[in-house]
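A short write-up of the structure that comes next.
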Amino acid sequence: KRKVFMEAFEKINDNLGKYFSKLTGGGNATLKLENPEDPFSGGIDMLVQFPRKPSIVVSGASGGERSVAAVAFIFAIKDFTPASFYILDEIDAHLDAFHVSRLADLLLEEAEKTQFIVITLKPEMVNKAQKVYGVYGRNGVSNVIAAKFLEVPS
Amino acid sequence: KRKVFMEAFEKINDNLGKYFSKLTGGGNATLKLENPEDPFSGGIDMLVQFPRKPSIVVSGASGGERSVAAVAFIFAIKDFTPASFYILDEIDAHLDAFHVSRLADLLLEEAEKTQFIVITLKPEMVNKAQKVYGVYGRNGVSNVIAAKFLEVPS
Amino acid sequence: PYIKKIELKGFKSFGPQTVKVALDKGFTAITGPNGSGKTNIVDAVLFALGELSTRRLRAENAAKLIFHGSEKAGLERAKKAKVVIQFDNTDGRIPVDTTTVTVSREVHRNGQSVYRLNGRRISRTHILEVLSVAGLSSTSQNIIMQGTITRLTEISPTERRKIIEDLV
Amino acid sequence: PYIKKIELKGFKSFGPQTVKVALDKGFTAITGPNGSGKTNIVDAVLFALGELSTRRLRAENAAKLIFHGSEKAGLERAKKAKVVIQFDNTDGRIPVDTTTVTVSREVHRNGQSVYRLNGRRISRTHILEVLSVAGLSSTSQNIIMQGTITRLTEISPTERRKIIEDLV
Ligand SMILES: Nc1ncnc2c1ncn2[C@@H]1O[C@H](COP(=O)(O)OP(=O)(O)OP(=O)(O)O)[C@@H](O)[C@H]1O
Ligand SMILES: Nc1ncnc2c1ncn2[C@@H]1O[C@H](COP(=O)(O)OP(=O)(O)OP(=O)(O)O)[C@@H](O)[C@H]1O
Ligand SMILES: [Mg+2]
Ligand SMILES: [Mg+2]
């Protein structure tokens with residue numbers, strides 16, 4: 001059980017670094033076992049280093065920075081149990097425009113082999129998608145229209 | 001104690017309706033005591049009615065709709081214990097462009113007698129503010145510049 | 001298998017006229033105003049994959065999944081809610097011998113659900129077995145609900161370990 | 001009384017050079033990238049108003065409120081963190097006979113805080129008394145921290161009653 005866990009930990013840790021770097025444009029993130037001798041008796045901390053900033057424990061980062069780390073963690077786990085489609089509901093709510101467009105670039109890259117269905121309110125995300133659907137309600141009844149050049153509805 | 005509580009309840013309830021209507025462009029929100037005979041033995045539910053939609057209990061609304069209701073509730077309480085300045089940190093994160101710009105209009109209106117300092121990532125909010133400050137970090141050191149025509153930094 | 005089409009009829013805020021969402025591989029964005037029905041589409045996918053918890057579908061009970069009508073639009077409450085999902089099965093991972101696999105579920109006012117696989121009625125247990133071979137389930141890690149990221153930013157190191165432990 | 005100016009020196013991500021934020025009445029927006037220091041400005045106001053909980057200021061301990069330096073910018077760790085807030089007191093609600101009231105707090109590496117009112121040292125208890133007359137405190141309802149709205153969308157009816165009960 002320990003061996004299987006450690007293999008998963010190493011793989012997810014490598015992936016985390018890769019995805020965090022893509023999302024931040026050069027940062028780094030790593031997982032740290034609180035008790036490497038007996039991993040199940042301790043937790044797993046996360047250290048994040050944003051470009052040109054020192055490495056800190058993720059709990060000390062800002063709200064948006066912690067969101068970026070959470071998204072990177074979701075992507076790192078994805079590779080461990082790969083699926084052919086993903087549905088992501090407003091995962092970009094606390095990201096600034098830079099991180100939203102980095103995330104959109106990442107999705108475009110990953111979309112070559114996986115389907116991503118991304119619910120978003122952010123224009124930077126809508127503008128980079130390959131296909132866009134607009135959902136609207138009229139008198140409490142929902143409807144959907146396909147539109148590539150849809151502005152983010154206001 | 002009950003009399004004072006009920007007075008507060010009535011006043012906050014009236015305010016809630018007023019602010020919710022301004023934020024949604026014509027909707028309505030009300031508070032309902034679970035046990036009107038003995039208010040302290042029950043809770044307070046909230047019913048919300050978005051324009052051209054039926055009235056529902058707020059827990060059944062969407063994530064963004066519940067955010068709108070929470071913002072209206074904050075404003076309703078504000079009138080009960082008025083202060084001369086307010087600091088609001090990303091209260092618009094889950095709002096769509098329509099609700100952000102309604103909120104910005106409300107802040108402009110209320111700003112005639114109260115100071116609002118609003119931290120936001122949304123362009124609709126920045127564009128309506130009377131004054132804008134941009135905060136940026138360089139090598140882990142924060143700095144602030146005053147700029148009215150600042151684009152939401154990316 | 002990826003999703004080629006989602007059809008909604010009488011499911012939550014979707015009315016009696018079937019709404020079709022055709023999807024490609026690649027990166028699709030879904031946007032729209034607050035309360036317009038975006039997350040209801042995610043609920044529809046979980047529903048069709050057999051999700052039993054109405055709490056997870058943000059409904060008080062199974063009957064509340066059915067379109068409750070609209071006075072303004074002159075529409076009655078629907079009799080049932082139906083969701084159809086069309087999967088592309090060219091990779092053959094779903095153990096069914098068609099390149100398109102259609103999964104559907106409908107729920108009636110009495111709370112009873114009817115599942116179909118390629119149009120033929122099937123029991124819930126059986127369809128879940130078939131889908132799980134391809135790694136498809138309403139609890140798999142590939143559907144990230146609204147609010148999950150915010151919750152993840154507040155987890156403790158112990159909770160983070162448990163997440164990885166559960167994966168293996 | 002509203003805020004006319006906030007000055008930060010060595011407080012969290014603000015370095016040794018004093019950063020001044022001049023404010024008017026009316027509606028001011030503060031924007032900027034993730035992690036740039038926006039919420040640190042809110043923490044600075046709470047700090048100057050006497051907030052004792054370092055958890056609420058998102059710091060492990062009082063010493064962590066002090067700028068920890070930056071290798072890349074060639075800056076050492078600061079000796080102390082200092083925040084100055086200038087209030088407009090033309091309405092006279094702060095019981096001090098000046099139309100501008102300056103409140104400041106600094107914390108040293110040993111965790112000791114020094115408070116000043118209009119430049120003169122004052123005890124924490126005394127300054128809190130003075131400020132509370134004008135309804136100014138680090139726990140008043142007029143500062144809504146990041147994440148509060150999301151938590152409010154999940155409260156139960158009982159919690160909602162308690163919020164109103166606490167107000168009276
Ligand atoms: N003592 C300190 N010295 C230097 N930097 C610090 C110190 N304490 C916190 N920080 C840094 O301040 C940053 C957090 O800033 P803050 O929370 O204000 O960001 P923000 O602008 O509100 O971002 P967001 O949009 O993500 O909410 C973190 O990157 C953190 O590392
Ligand atoms: N059975 C039903 N019949 C009709 N409407 C329903 C039903 N169940 C839920 N709704 C409505 O669906 C709406 C919620 O939609 P949903 O959560 O999908 O919005 P959303 O587009 O995700 O919005 P947000 O951007 O705020 O997250 C609510 O307004 C709710 O009243
Ligand atoms: Mg939603
Ligand atoms: Mg912040």
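Order of the sequence lines sets the chain letters (A, B, ...), proteins ahead of strands, with each chain counted from 1.
Note: B:Ala111 leads B:Ala93, B:Ala111, B:Ala69 in heavy-atom pairs under 4.5 Å with chain D. Ranked by heavy-atom pairs under 4.5 Å with chain B, the list D:Ile164, D:Leu152, D:Val19 is led by D:Ile164. Note on D:Gly15, D:Ala73, D:Gly26: by heavy-atom pairs under 4.5 Å with chain B, the leading option is D:Gly26. Per-residue counts of heavy-atom pairs under 4.5 Å with chain D were compared for B:Phe40, B:Phe9, B:Tyr136; the largest is that of B:Phe40. Contact tally against chain B (heavy-atom pairs below 4.5 Å) for D:Thr28, D:Thr148, D:Asp24, D:Thr158: the top residue is D:Thr28. Counting heavy-atom pairs closer than 4.5 Å to chain B, the top-ranked of the candidates D:Gly35, D:Pro157, D:Gly147, D:Gly69 is D:Pro157. Of the listed residues (B:Val71, B:Ile87, B:Val144), the one with the most heavy-atom contacts under 4.5 Å to chain D is B:Ile87. Counting heavy-atom pairs closer than 4.5 Å to chain D, the top-ranked of the candidates B:Gly43, B:Pro82, B:Gly63, B:Ala61 is B:Gly43. Between chain B and the residues D:Ile3, D:Ile163, D:Val168, the most heavy-atom pairs under 4.5 angstrom are made by D:Ile3. Note: D:Pro1 leads D:Pro1, D:Gly37, D:Ser70, D:Gly135 in heavy-atom pairs under 4.5 Å with chain B. Chain D forms the most heavy-atom pairs under 4.5 Å with one residue out of B:Glu7, B:Met46, B:Lys32, and that residue is B:Met46.
Heavy-atom distances place the side chain of B:Phe73, and not its backbone, under 4.5 Å from chain D. For B:Leu88, the parts lying under 4.5 angstrom from a heavy atom of chain D are both the backbone and the side chain. Neither the backbone nor the side chain of D:Leu8 comes within contact range of chain B, judged by heavy atoms closer than 4.5 Å. Proximity to chain D is absent for every atom of B:Leu33, based on heavy atoms less than 4.5 angstrom apart. For chain B, no part of D:Ser140 is nearby; none of its heavy atoms comes within less than 4.5 Å. Neither the backbone nor the side chain of D:Asp91 comes within less than 4.5 Å of any heavy atom in chain B. Using a 4.5 Å cut-off between heavy atoms, D:Ala22 touches chain B through backbone and side chain atoms alike. Both the backbone and the side chain of D:Val21 come within less than 4.5 Å of a heavy atom in chain B. Looking at B:Thr114, only its backbone comes within 4.5 Å of chain D, counting heavy atoms on both sides.
At a threshold of 4.0 Å, the pair B:Glu34-D:Arg161 does not count as salt-bridged, since none of the basic side-chain nitrogens sits closer than that to a carboxylate oxygen. Note on B:Lys128 versus B:Glu124: no salt bridge recorded, every NZ/NE/NH1/NH2 to OD/OE distance being 4.0 Å or above. Between B:Asp89 and D:Lys38 there is no salt bridge, since no side-chain nitrogen of the basic residue lies less than 4.0 Å from a carboxylate oxygen of the acidic one. The residues B:Lys1 and D:Glu165 are annotated as salt-bridged, a charged nitrogen and a carboxylate oxygen being separated by less than 4.0 angstrom. Salt bridge status for B:Lys22 with B:Asp105: absent, with no side-chain N to carboxylate O gap under 4.0 Å. Taking 4.0 Å as the cut-off between side-chain N and carboxylate O, D:Glu7 and D:Lys5 count as a salt-bridged pair.
Environment of CD in D:Glu154: crowded, with over 12 heavy atoms of neighbouring residues, nucleotides or ligands closer than 6.0 Å.
Between B:Phe85 and D:Phe87, the ring planes lie tilted relative to each other; the angle falls in the 30° to 60° range.
Less than 6.0 angstrom separates the ring centroid of B:Phe50 from the ring centroid of B:Phe20. Aromatic rings of D:Phe11 and D:Phe67 (six-membered ring for Trp) have centroids beyond the 6.0 Å cut-off, not under it.
The closest side-chain donor-acceptor pair between B:Asn13 and B:Thr30, if any, does not fall under 3.5 angstrom. Side chains of D:Thr99 and D:Asn89: a donor-acceptor N/O pair is absent below 3.5 angstrom, by distance only.
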